[in-house]
Amino acid sequence: QVQLVESGGGLVHTGDSLRLSCAASEGSLSNYIIGWFRQAPGKEREFLGAINWSGKRTNYADSVKGRFTISRDNAADTVYLQMSSLKPEDTAIYYCATNTGTITTTRYQHWGQGTQVTVSS
């Protein structure tokens with residue numbers, strides 16, 4: 001069993017960058033594909049992207065491709081979501097999650113509690 005913890009959220013301004021982290025408070029991320037998601041108030045959860053266990057393969061949603069980058073440091077057992085050119089519509093709670101399938105798998109098993117990102121105009 002792995003438990004995930006997201007961190008790095010906060011209040012930023014339009015055009016700013018922010019990096020979120022996903023770490024394991026129990027277990028390890030090393031054998032999992034890690035996905036990033038977000039959920040804005042009143043909206044459904046949105047898949048942002050995923051990274052495979054080695055960090056060499058990624059998959060991104062069209063909505064964030066080119067602005068968001070997922071990477072991982074297996075030595076630190078941490079996965080990152082680097083966000084740039086942030087917009088007010090990026091305001092949401094951001095979550096990381098694990099799956100044991102592929103970077104295009106849609107079913108995720110373990111979820112973190114989320115970290116709030118607020119982008120002011």
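No hydrogens, no waters, no symmetry mates; every other heavy atom, side chains included, goes into these values. The structure presented is a predicted model; accordingly, all values stated were derived computationally and were not measured.
- Ile33 places none of its side-chain heavy atoms less than 4.5 Å from the side chain of Thr105.
- A 4.5 Å side-chain heavy-atom check between Val117 and Arg38 finds every atom pair outside the cut-off.
- Remark: the backbone N or O of Leu29 is paired with a side-chain donor or acceptor of Asp77 at under 3.5 angstrom.
- With a 4.5 Å cut-off on side-chain heavy atoms, Thr69 and Tyr80 do not count as touching.
- Side-chain contact check for Ile70 versus Val79: some heavy-atom pair is nearer than 4.5 Å.
- Within 6.0 Å of the CG atom in Asn31, the count of heavy atoms belonging to other residues, nucleotides or ligands does not exceed 12.
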Where do Thr91 and Gln116 land on the side-chain contact (heavy atoms from CB on, under 4.5 Å) test, with the steps shown first?
CA-CA 8 Å; Thr91 295; Gln116 176 72 47; 4.0 Å; yes

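- Remark: Leu20 CG to Thr78 OG1 distance equals 12.5 Å, nearest 0.5 Å.
- A salt bridge links Asp62 to Lys65: at least one charged side-chain nitrogen sits closer than 4.0 Å to a carboxylate oxygen.
- Put simply, CZ on Arg19 and CE on Met83 are 11.5 Å apart, with the number rounded to the nearest 0.5 Å.
- A distance of 5.0 Å separates CG in Asn59 from CD1 in Ile103, rounded to the nearest 0.5 Å.
- Side-chain contact between Glu6 and Gln113 is present, with heavy atoms from C-beta onward closer than 4.5 Å.
- Ring-plane geometry between Phe68 and Tyr94 is classed as tilted, the angle between the planes lying from 30 to 60 degrees on a 0 to 90 degree scale.
- For the residue pair Asn74/Arg72, the side-chain donor-acceptor check at 3.5 Å is satisfied.
- The two residues Gln109 and Asn99 have their closest heavy-atom pair at OE1-CA, 3.0 Å.
- One finds the OG atom of Ser121 at 9.0 Å from the NE2 atom of His13 (value rounded to the nearest 0.5 Å).
- In terms of heavy atoms, Ser63 sits closest to Glu46 at OG-OE2, 2.8 Å.
- Clustering ILVMFWY residues whenever any of their side-chain heavy atoms sit less than 4.5 angstrom apart, transitively, puts Leu18 in a cluster other than the one holding Tyr95.
- Pairing each heavy atom of Thr14 with each of Pro88, the nearest pair is OG1-CD, 3.4 Å.
- Under the 30°/60° scheme for interplanar angles, the aromatic rings of Tyr108 and Phe37 are found to stand perpendicular.
- Enclosure of atom CH2 in Trp53 is not indicated, since only 12 or fewer non-hydrogen atoms of other residues, nucleotides or ligands lie within 6.0 angstrom.
- By the 4.5 Å heavy-atom criterion applied to side chains, Ser7 and Thr115 are not counted as neighbours.
- Between Ser120 and Leu11 the shortest side-chain heavy-atom distance falls below 4.5 Å.
- Closest approach of Arg45 to Gln39, counting heavy atoms only: N-NE2, 3.8 Å.
- Between Leu4 atom CG and Glu26 atom CD the span is 11.0 Å, to the nearest 0.5 Å.
- Val5 and Ile51 are members of different hydrophobic clusters when ILVMFWY side chains are connected at heavy-atom separations under 4.5 Å.
- Listed for the Ser85 side chain is no donor-acceptor partner under 3.5 Å among the backbone atoms of Gly15.
- Leu48 and Val12 end up in the same hydrophobic cluster when Ile, Leu, Val, Met, Phe, Trp and Tyr side chains are linked at under 4.5 Å.
- The OG1 atom of Thr104 sits 8.0 Å away from atom CZ of Arg57, with the distance rounded to the nearest 0.5 Å.
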